[in-house]
Amino acid sequence: MPHHGHMKELAGRLTALDPDAGAAVQVIAYFDRLAESRAGLEALVRGAAVLAGVPARLADSDRRVQVRVEPDGTRRDTGLPPDTAWPSTPLAPGKPPALWLERTATAPSVVDAVILERAAGAVRLVLDRTRGRAPVDDPALVETVLDATAPDQARLHAARGLGLDPAAPARAVASQVGHPRIVAAHPDAELPPGRLGVGSAVPVLDLPRSWTEARTALRFTADGTAQDPGRRVVYADELGGVALLADLVVPGAEPPPDVRDLETAAAATPWLLATLDAVASTASLRAAAAEVNVHHSTLQDRLTHAEHLLGWPVRTPQGRLRLQLALTMRHLARP
């Protein structure tokens with residue numbers, strides 16, 4: 001790759017001959033620098049918007065990505081569909097357009113075309129890196145990578161077969177249905193749908209440990225319904241010391257007394273579990289009331305009734321901790 005100093009000099013000389021060509025070379029150098037620094041999607045779309053002087057938009061339906069940035073660099077997504085008259089480019093040949101410059105131009109500009117082409121190339125690299133080239137989802141290979149008894153060489157070989165970068169951290173994912181998954185440890189990594197336990201981000205050879213954590217985290221998940229409120233996706237590294245409860249509560253055995261009291265109270269009171277979950281998982285009673293869509297005074301009445309049924313307070317710090325533990329142990333006690 002040419003040195004940045006040479007690029008500047010070349011851009012200067014080209015500008016004298018043809019302003020568009022000079023600008024195009026600067027665009028190319030700019031996106032090369034962004035790609036070298038491993039910039040993320042938003043930074044790339046921002047680059048396109050700032051260089052073009054109009055909003056730029058990335059929308060890739062395959063990978064469910066939506067990013068729109070104004071020319072001043074502010075991210076501002078929109079629900080409105082793109083205008084077919086705008087300059088645009090697909091991310092791969094034969095695909096629908098995925099990147100737009102929001103400019104209704106009379107004639108296509110060379111610089112717009114170069115911005116779109118370079119930005120799309122850089123976006124494609126990021127998506128391939130973070131979301132896998134539609135990752136090879138081979139259960140046998142995944143099983144080998146997650147098997148602590150398999151030799152290191154065999155596990156690395158399987159990881160390469162899955163398209164995992166051996167140098168990049170990854171997470172194991174356990175779901176209620178379907179086989180284990182491995183995802184890149186990247187904030188944008190796509191998770192499969194449904195209830196999931198996600199292990200911590202580890203080097204490829206440590207994935208068996210991440211898998212053990214993922215299976216434990218899965219036990220802390222819920223359906224997210226009124227009858228089974230709670231989080232559908234639980235990250236092992238967010239559990240901290242709470243993960244220790246998993247060893248104490250045996251699935252399918254006689255549940256702890258607080259869980260029995262919860263179940264008895266819930267059987268008689270359809271709103272109970274969702275309301276208590278809101279109290280246990282929000283920052284204030286006002287937030288909890290908003291979460292379950294009732295007035296603040298209605299929530300207070302419900303909690304008085306719940307405390308009477310349970311036999312312990314839920315609005316004191318100690319009572320709230322006891323409630324959080326009871327709701328958590330309820331998930332863990334399930335067979």
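Remember, predicted model here, so these are calculated numbers, not experimental data. Start at 1 with the first residue, then count along the sequence.
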- Item | ILVMFWY cluster membership beyond W312 - transitive side-chain contacts under 4.5 angstrom |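 Taking Ile, Leu, Val, Met, Phe, Trp and Tyr as members, W312 shares its hydrophobic cluster with L262, W271, L272, L273, L276, V279, L285, V292, V294, L299, L303, L309, L310, V314, L323, L327.
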- Query: What residues join L80 in its hydrophobic cluster, counting side-chain heavy atom gaps under 4.5 Å, either direct or through other members?
  - Reply: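 Hydrophobic cluster check, L80: no partners found.
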[X] and [Y]: same hydrophobic cluster, using ILVMFWY side-chain contacts below 4.5 Å?
X: W211; Y: V202; answer: yes
X: W100; Y: V123; answer: no
X: L321; Y: V249; answer: yes
X: V242; Y: L332; answer: yes
X: L244; Y: L248; answer: no

How close do [X] and [Y] get, counting heavy atoms only, and between which atoms?
X: S88; Y: L116; answer: N-CD1, 3.6 Å
X: A48; Y: A56; answer: CB-CB, 3.9 Å
X: A236; Y: G199; answer: CB-CA, 4.1 Å
X: A49; Y: E70; answer: CB-O, 3.7 Å
X: A326; Y: V259; answer: O-CG2, 3.6 Å
X: V142; Y: P180; answer: CG1-O, 3.5 Å

- Item | Intermediate values then yes/no, side-chain contact (heavy atoms from CB on, under 4.5 Å), R57 and T78 | CA-CA 9 Å; R57 180 193 301 205; T78 169; 3.3 Å; yes
Looking at [atom1] of [X] and [atom2] of [Y], how far apart are the two atoms once the value is rounded to the nearest 0.5 Å?
X: H295; Y: Q300; atom1: NE2; atom2: CD; result: 11.0 Å
X: Q66; Y: D60; atom1: CD; atom2: CG; result: 9.5 Å
X: I115; Y: T89; atom1: CD1; atom2: OG1; result: 12.5 Å
X: R103; Y: S109; atom1: CZ; atom2: OG; result: 6.0 Å
X: E213; Y: D237; atom1: CD; atom2: CG; result: 7.5 Å
X: L164; Y: L207; atom1: CG; atom2: CG; result: 7.0 Å

- Heavy-atom count around H157 NE2 within 6.0 Å, excluding the residue itself: above 12?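 No, not enclosed.
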- Message: How about CD on E143, more than 12 heavy atoms from neighbouring residues, nucleotides or ligands closer than 6.0 Å, or not?
- Response: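 Check fails, neighbour count at 12 or below.
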- Message: Tell me every residue that passes side-chain hydrogen bond (donor to acceptor under 3.5 Å, both in side chains) with S284, counting only those two or more places apart in sequence or in another chain.
- Response: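 Here no residue qualifies.
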- Item | side-chain hydrogen bond (donor to acceptor under 3.5 Å, both in side chains) partners of Q176, counting only residues at least two apart |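 For Q176, no residue satisfies side-chain hydrogen bond (donor to acceptor under 3.5 Å, both in side chains) once neighbours in sequence are set aside.
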Do [X] and [Y] come within less than 4.5 Å of each other through their side chains, counting heavy atoms only?
X: L101; Y: W86; answer: no
X: L218; Y: V234; answer: no
X: D258; Y: P256; answer: no
X: R75; Y: V67; answer: yes

Any donor-acceptor pair under 3.5 Å linking the side chain of [X] with the backbone of [Y]?
X: T221; Y: V233; answer: no
X: R124; Y: L91; answer: yes
X: R46; Y: G73; answer: yes
X: T144; Y: A140; answer: yes
X: E102; Y: P55; answer: no
X: R171; Y: Y235; answer: no
X: R260; Y: P255; answer: yes

- Query: What pairs of residues pass the salt bridge (Lys or Arg N to Asp or Glu O under 4.0 Å) test when at least one of them lies in residues 285-307, not counting sequence neighbours?
  - Reply: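 Sorted result for residues 285-307: E307-R315.
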- Could you list all the salt bridge (Lys or Arg N to Asp or Glu O under 4.0 Å) pairs where at least one residue sits in residues 324-335, not counting sequence neighbours?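 Sorted result for residues 324-335: D228-R330, D228-R334, E263-R330.
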- Message: Could you walk me through whether R322 and D261 satisfy the salt bridge (Lys or Arg N to Asp or Glu O under 4.0 Å) test, starting with their C-alpha distance in whole Å, then the side-chain angles of each, then the deciding distance to 0.1 Å, before giving a yes or no?
- Response: CA-CA 12 Å; R322 184 169 173 183; D261 292 345; 5.4 Å; no
- Message: Among V173, L162, V204, which residue satisfies the side-chain contact (heavy atoms from CB on, under 4.5 Å) criterion with I182?
- Response: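 Going through V173, L162, V204 one by one, the side-chain contact (heavy atoms from CB on, under 4.5 Å) with I182 is satisfied by L162 alone.
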- Verdict with reasoning, D147 to R155, per salt bridge (Lys or Arg N to Asp or Glu O under 4.0 Å): CA-CA 8 Å; D147 180 359; R155 287 193 275 141; over 6 Å; no
